[in-house]
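Here is the structure we will look at, set down as structure tokens.
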4 protein chains.
Amino acid sequence: MLKDVQATPDTRGIALDEVGIEGLRYPVLVADGQGAKRETVATAAMSVTLGPDVKGAHLSRFIEVLHGSREQVTPAAAVGLADDLRQHMGSTSARVHLAFPYFLEREAPVTRSRAYVEYSCGVTAYSGADGTQLKLSVEVPVTSVCPCSKAISDRGAHNQRGRIIIEIKLSDHSTDLWFDELIDIAEGAASSPVYALLKRPDERYVTMAGYDNPVFVEDMVRNVCLALAASSRIAAYRVRAVNDESIHNHAAYAAVSWTPSNGA
Amino acid sequence: MLKDVQATPDTRGIALDEVGIEGLRYPVLVADGQGAKRETVATAAMSVTLGPDVKGAHLSRFIEVLHGSREQVTPAAAVGLADDLRQHMGSTSARVHLAFPYFLEREAPVTRSRAYVEYSCGVTAYSGADGTQLKLSVEVPVTSVCPCSKAISDRGAHNQRGRIIIEIKLSDHSTDLWFDELIDIAEGAASSPVYALLKRPDERYVTMAGYDNPVFVEDMVRNVCLALAASSRIAAYRVRAVNDESIHNHAAYAAVSWTPSNGA
Amino acid sequence: MLKDVQATPDTRGIALDEVGIEGLRYPVLVADGQGAKRETVATAAMSVTLGPDVKGAHLSRFIEVLHGSREQVTPAAAVGLADDLRQHMGSTSARVHLAFPYFLEREAPVTRSRAYVEYSCGVTAYSGADGTQLKLSVEVPVTSVCPCSKAISDRGAHNQRGRIIIEIKLSDHSTDLWFDELIDIAEGAASSPVYALLKRPDERYVTMAGYDNPVFVEDMVRNVCLALAASSRIAAYRVRAVNDESIHNHAAYAAVSWTPSNGA
Amino acid sequence: MLKDVQATPDTRGIALDEVGIEGLRYPVLVADGQGAKRETVATAAMSVTLGPDVKGAHLSRFIEVLHGSREQVTPAAAVGLADDLRQHMGSTSARVHLAFPYFLEREAPVTRSRAYVEYSCGVTAYSGADGTQLKLSVEVPVTSVCPCSKAISDRGAHNQRGRIIIEIKLSDHSTDLWFDELIDIAEGAASSPVYALLKRPDERYVTMAGYDNPVFVEDMVRNVCLALAASSRIAAYRVRAVNDESIHNHAAYAAVSWTPSNGA
């Protein structure tokens, strides 16, 4: 019988918030907005709390639990995974975070040519004595045209690729919100969505649509907030917009967090 | 006179927590533990809050303020930089974050050969109507030997490079804590420090010292907590230890946060 | 009719080796060693040569070609993709590079527990007037134990996670070599493979097996070379081994390139 | 006396092109175009060739040599560093690569406000029985406005941040070319340079200057080639231009290599 070092007592009297693994890359099947399963590659972080009197946690169990659940990643299933982990590890609480590329087939605005666009998505599920919690995140690439540059110049306006990041905490028992809806909100808040495939008539359309709809990072964040405020399924959110400025070698950004305690 | 688009009113009624720049790389002079100035390269993020009635912030002012302050980065000076920013921007609060490589010349344990070791450090300063706040962070590379692997094997023990990350919030008016002290605490919590230059007698020493002092990520976090608890200059902290496991392709980690409200 | 700027003449007289796209993330189906298709996420770079008399290439065609071929990535199909691209673009030559995570289910050495290990793989296909060319690459995580540290220490030996990178150019008309074979060669050249899931009896086995088989980066490269030399399907190779040293904050590496002209 | 494992014979009969270290971060002093020394942080890779009959190289010597030379990084000194390394290691050839951020204070085009812009630079020096060799590289952030988007749209034009990468091999005994000159060539080949600090009159200027000077990645590469062709100090070059397209989530790029054997 091999010695179980992790199970030996610890005398320092310090409980730990998180003991676990991170940076584990794993093939998983994520349900898309229509319920179909899509194979993608997740980067996983999983942890449990550790009481003050125990030396360590058995980390191999995290992989066993993930391996057993990898064929079904949905909001409801992510919460189930955190529950399983908590029981399997005998801990007071467990947390699972899965981040993965998520692809939607998009249509060019004029020619209707189709190609996939990548969105960076994430699910975080928590299970504890106080119940469960579910968070979703999306990072959406967009185009932004600068309102100041347009207003002060006789012609042209600087524009660039930007990113809108939306993180939400779902209301209790809400599991029917998925990435597609958040991605649509982000794309609608920018000067224009970005596309993988644009033919020349599409490029003309996108160029002028963006020029006619200039936005600062401040505007993108506020536009997203207005769209999110409508939903009772959201208990809290954080929104960030980042522009990789075309005239600078740094980024401009804006961010806001909202919880019920800091008002609508 | 060019139009000032940022200064125009906004009707969406949404205040923003942060509007600013990030990813700006800038040459700065950082004071080391002995008061000497060392030139290094900072990655800067700077932001202000924005009221609900204004469309945008003038981001070029951030660069002007940083350019004017770049030759003196100390704890006290970082708070001054946030103060300047707040006034210069006419905002209710301002935040500055500078991250940079910080080098200490280290001596090999036997041959006393000297070379520089890099530590990733950061300063975050906040200035608002409610006063100022200062945070420091260090990321320290270390060696860790696995206690379980040693205990269950007849010979050898897996070991790897790890990292200990300490983030602290200083008590009011404490500005006399610097990176060197936190780095020493982190290195003392691991199986062994890492070095840039080790000759064979040093390698023998380091190998056996590590083997004689095995630690889990849980141990490294707890050891750091014990050392930090001694200081009245620290108002809150967060400690993380991460092992790039030599027998896996993922990392093991442990983390704990402490504030006065959650006990010693 | 929209103007075709790319098709206008250029007078600078400079032909370009590569005009194309890079950093495109796309969902693809990669055949595994048993012929089954696995969905993964590729990072694609695709280019064509451009004659001295034309202003530009029409980059949207690259996405169309990839979109049409994404459901079948095999060695033979990658060459077909480069052929298609060359014809579709009317260029003298075309090049396609796809990099993607590739997962194999691995068994722990004692308990036979199963879990996936990630390998970073790549295919580069070229099509030109002078024929076609196919290259494969794998990056394989491994464990390495230092022979010097073991020899000079009374107990223990520093070890760490390393990576072995094998890039091969296949002999003409050879398309029957796939990643699995190269991965096995790399894992056999190290102190031990790494695993996603190891229970305690496995950890004991892996610790001692590594300790009993110490290797330098130099050894890992040479071991791979000996294994590759046996194959007539390989026209050229480059092998690199990199150790993320556990006692340093930098890496040790060794590399060798071989082509028929520089001997066996 | 500790055993010297590296010096033991090897029977596999395989010589290695490179044995060394990489990813070492080190503080160095780089001479700028005016001869002043600027402290910056280099990422170093250093290697030697290893004969077929020896088991390994003593890697600690690399750090000793770099530590002794860190206060003077110039083209001539980099060659000296490779020479030292070759002799110190008793190898037939040695190679040193240092990459570092390099800052130039730039003036905004209208207000003349000054701030630093970062350029990613590198020096590679080789020393062998066949003589010495010196290579320089710069990566320069720029703005590019799309000529196609401008031509086909009634208003606006998509633009984005791009990068121009120039790598040159110097002619024998040429050591009087430095980064500043290559950076100027790259900035002159784009729609506009980027700046760290632009006030509104500058932003107006830069917006219109870029709109009036649209370039594809193909144009930027060709413009650089024309400028480089003038210099007899350059024995070979490779030029790449990459646009982080504002309307896509991938990059467009063009590249060309030139050596005397493939014509002007």
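All chains are named by letter (A, B, ...) in the order of the sequence lines, taking the proteins before the strands, and each is independently numbered beginning at 1.
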Residue selection (most heavy-atom pairs with chain B, distance under 4.5 Å) from Ala255(A), Gly23(A), Ser47(A), Ala254(A): Ala255(A)

Contact winner vs chain B - Arg12(A), His248(A), Arg25(A), Glu245(A), heavy-atom pairs under 4.5 Å: Arg12(A)

Straight-line distance of Cys225(B) SG to Ile14(A) CD1, nearest 0.5 Å: 4.5 Å

Contact origin within Tyr253(B) toward chain A - heavy atom pairs under 4.5 Å: both

Part of Pro52(B) lying under 4.5 Å from any heavy atom of chain A: backbone

Side chain to side chain contact (heavy atoms under 4.5 Å, CB included) evaluation trace for Val19(A) with Thr49(A): CA-CA 6 Å; Val19(A) 177; Thr49(A) 46; over 6 Å; no

Between OH on residue Tyr237(A) and OG on residue Ser257(A), distance to nearest 0.5 Å: 9.5 Å

Closest-packed option against chain B by number of heavy-atom pairs under 4.5 Å, given Ile152(A), Val239(A), Asn249(A), Ile63(A): Ile152(A)

Residue Leu59(A) versus chain B: region with a heavy atom under 4.5 Å: side chain

Most contacts with chain B, counted as non-hydrogen pairs under 4.5 angstrom, among Leu2(A), Leu16(A), Val5(A): Leu16(A)

Arg161(A) and Val142(A): CA distance, side-chain angles, deciding distance, side chain to side chain contact (heavy atoms under 4.5 Å, CB included) verdict: CA-CA 6 Å; Arg161(A) 200 190 299 161; Val142(A) 295; over 6 Å; no

Proximal component of Ala241(B), with respect to chain A [non-hydrogen, under 4.5 Å]: neither

Main-chain N/O of Pro101(A) paired to Thr40(A) side chain as donor or acceptor, under 3.5 Å: yes

Glu39(A) side chain to Val28(A) backbone, donor-acceptor under 3.5 Å: no

Side chain to side chain donor-acceptor pair (under 3.5 Å) evaluation trace for Ser149(B) with His158(B): CA-CA 6 Å; Ser149(B) 171; His158(B) 80 77; 4.7 Å; no

Side chain Ser120(B), main chain Glu139(B), donor-acceptor under 3.5 Å: no

Residue among Glu22(B), Lys150(B), Arg240(B) with most heavy-atom pairs under 4.5 Å to chain A: Glu22(B)

Segment of Val54(A) engaging chain B (4.5 angstrom heavy-atom cut-off): backbone

Residue, of Asp4(B), Asp219(B), Asn223(B), Leu50(B), that accumulates the most heavy atom pairs under 4.5 Å with chain A: Asp219(B)

Part of Leu24(B) within contact of chain A (heavy atom distance under 4.5 Å): both

Gap separating the NE2 atom of His67(B) from the OH atom of Tyr26(B), nearest 0.5 angstrom: 4.5 Å

Selection from Lys55(B), Arg222(B), Lys3(B) maximising heavy-atom pairs under 4.5 Å formed with chain A: Arg222(B)

Per-residue contact mode, Met1(B) against chain A (heavy atom under 4.5 angstrom): neither

